[in-house]
Amino acid sequence: MLQQTQVSTVIDYYQRFLASFPDVKSLADASTEAVLAHWSGLGYYARARNLHKAARMVMEEFAGQFPGAPEALVRLPGIGRSTANAIAAFAFGVPAPILDGNVKRVLMRHLGIEAPPTGAALEQRLWAVVHDRVPADATHAQMIAYTQGMMDLGNMVCARSKPACQLCPVASDCEALHRGLQNVIPLPKPKKTVPERETVMAVWQHDGQLALQKRPDTGIWGGLWSFPEYPAVDDVPGGKGQLLPAFMHVFTHFKLHITPLLMQGPNIPQDLSLQWFPLADALALGLPQPIRRIIETIAASQQEYRLQSRT
DNA sequence: AAGTCGGGGCT
DNA sequence: AGCCCAGACTT
């Protein structure tokens, strides 16, 4: 969950997730559907599918015993070099170093590397450095403290903006501070303009139910439930609908302008394999954030309607 | 090496 | 509005 996602964002998801799947077996026994529902809104949904698959692999290939060696961990889907080492260090006390965004920034400043935080060459150099610096004879407790300390140093002291160098335990030999570059390193990434796309989402509604479509497992929002999409309003079959407020959803690599079009059922295109869900049931599915937003808007307007018609 | 894959917090 | 976050995986 924490891959590319801030701790404050994860906490609620993490607690709900563990309440439902308290151990590897319960996660392995769950449906992908249920796992994605718990991930709904968190993003990077391949992480959920990979975690689910990894749990099943641990049950089948490791007899339910989580492997502790980094070489074994990286073979599990969704676990790369840094996450493998983090698990090995935290859970098993293995002297394996991590290299996440925080550690990367700390090292670039400490070494005085005037470059953007990108590229295979930099990656290779920094991995060599962390392997060189990790305390090889640390106890389990020390590995936990060291690993957590490395991340906290980057997050709380060697922060992205306004680093608190006066609090830094390694300020005395920090190359960036020495040269007054602590606010310059790392250099900004070369920025590229993100393309913008447009889509119309057809929201078929009938008798308090909505028609949803399960997306393919690969690609954007893989395995989640969504509304069928069309290039333009005129492309939506079944006559006129009611336009709902359009909004924009920002991805890492493009911006999506979404125009929801409310259509009245029950007649819907048969070739789309749509399924009907009562509003409350729909909100319990694995939904991308914008789809959840649309459904909540509809639910709120229906609630509004009920309140008004009562008076 | 570059692109894909979300959503939100912070400035 | 832009940047980046407890990155991994595919092309």
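Each chain gets a letter, A, B and so on, in the order its sequence line appears, and its residues count up from 1.
Boundaries of the chain A contact region on DNA chain B are B:dA1 to B:dT11, first to last in 5' to 3' order (nucleotide atom under 4.0 Å from a heavy atom).
If you check every strand for non-hydrogen atoms under 4.0 Å, A:K192 touches sugar and phosphate atoms only. Counting any heavy atom pair closer than 4.0 Å across all strands shown, A:P190 reaches no nucleic acid atom. A:I98 comes within contact range of no nucleotide atom at all, as no heavy-atom separation falls under 4.0 Å. When heavy atoms are screened at a 4.0 angstrom cut-off, A:E123 is found touching no nucleic acid atom at all. Heavy atoms of A:Q6 sit under 4.0 angstrom from at least one base atom. Counting non-hydrogen atoms under 4.0 angstrom, A:T252 reaches a base of the nucleic acid. Heavy atoms of A:A120 sit under 4.0 angstrom from primed sugar atoms or phosphate atoms, though from no base atom. Using a 4.0 Å heavy-atom distance criterion, A:P188 is classed as making no nucleic acid contact. No contact: A:P117 has no heavy atom under 4.0 Å from any strand. Counting any heavy atom pair closer than 4.0 Å across all strands shown, A:R293 reaches no nucleic acid atom.
Taking 4.0 Å as the cut-off between side-chain N and carboxylate O, A:E175 and A:R179 count as a salt-bridged pair.
Distance alone, capped at 3.5 Å, is enough to place a donor-acceptor pair between the A:R109 side chain and the A:C158 backbone. Between the side chain of A:N85 and the backbone N or O of A:P97, at least one donor-acceptor pair lies under 3.5 Å.
Contacts with DNA chain C (heavy atom under 4.0 Å) in residues 161-171 of chain A: none are found.
The separation between A:K53 atom NZ and C:dC9 atom C1' is 11 Å, rounded to whole Å. Atom CZ in A:R109 sits about 12 Å away from atom C1' in C:dC4, given to the nearest Å. A straight line from CD1 of A:I87 to P of C:dG7 spans 13 Å, rounded to a whole angstrom. Rounded to an integer number of Å, the gap from CD1 of A:I220 to C1' of C:dC9 is 14 Å. Here C:dC9 presents its P atom at 12 Å from CZ of A:R49, a figure rounded to the nearest Å. Straight-line distance from the CG atom of A:N155 to the C1' atom of C:dC3: 15 Å, rounded to whole Å. Distance A:N102 CG to C:dG7 P: 7 Å, rounded to the nearest Å. At whole-Å resolution of the value, CE in A:M151 and P in C:dG7 are 9 Å apart.
Summarising the geometry, atom OH belonging to A:Y45 is positioned 14.5 Å from atom CG belonging to A:D217; distances are rounded to the nearest 0.5 Å. Rounding to the nearest 0.5 angstrom, the gap separating the CD atom in A:Q264 from the CG atom in A:D207 is 11.0 Å.
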Check your understanding: Can A:L244 and A:I298 be said to form a side-chain contact (heavy atoms from CB on, under 4.5 Å), step by step?
Key -> CA-CA 9 Å; A:L244 298 177; A:I298 293 172; 4.3 Å; yes
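In this structure, A:T9 and A:T5 both approach DNA chain B, and ranking their closest nucleotides by distance from the 5' end singles out A:T5. Nucleotides of DNA chain B nearest to A:R47 and A:A121 differ in position, and the one nearer the 5' end is that of A:A121.
Around atom NZ of A:K53, no more than 12 heavy atoms belonging to other residues, nucleotides or ligands sit under 6.0 Å away.
Side-chain N/O atoms of A:Q4 include one lying less than 4.0 angstrom from OP1 or OP2 on C:dG7.
Distance noted for atom P between C:dT11 and B:dG6: 15 Å (whole Å).
Partners of A:T252 according to the side chain to side chain contact (heavy atoms under 4.5 Å, CB included) rule, which considers only residues two or more places apart in sequence or in another chain, are A:Y44.
Checked against the 6.0 Å centroid threshold, A:F21 and A:F17 count as a close aromatic pair.
Cation-pi contact between A:R16 and A:Y14: absent, since separation from the ring centre below 6.0 Å together with deviation from the ring axis within 45° is not met.
Below 30°, between 30° and 60°, or above 60°: for A:H249 and A:F251 the angle between ring planes is above 60°, a perpendicular geometry.
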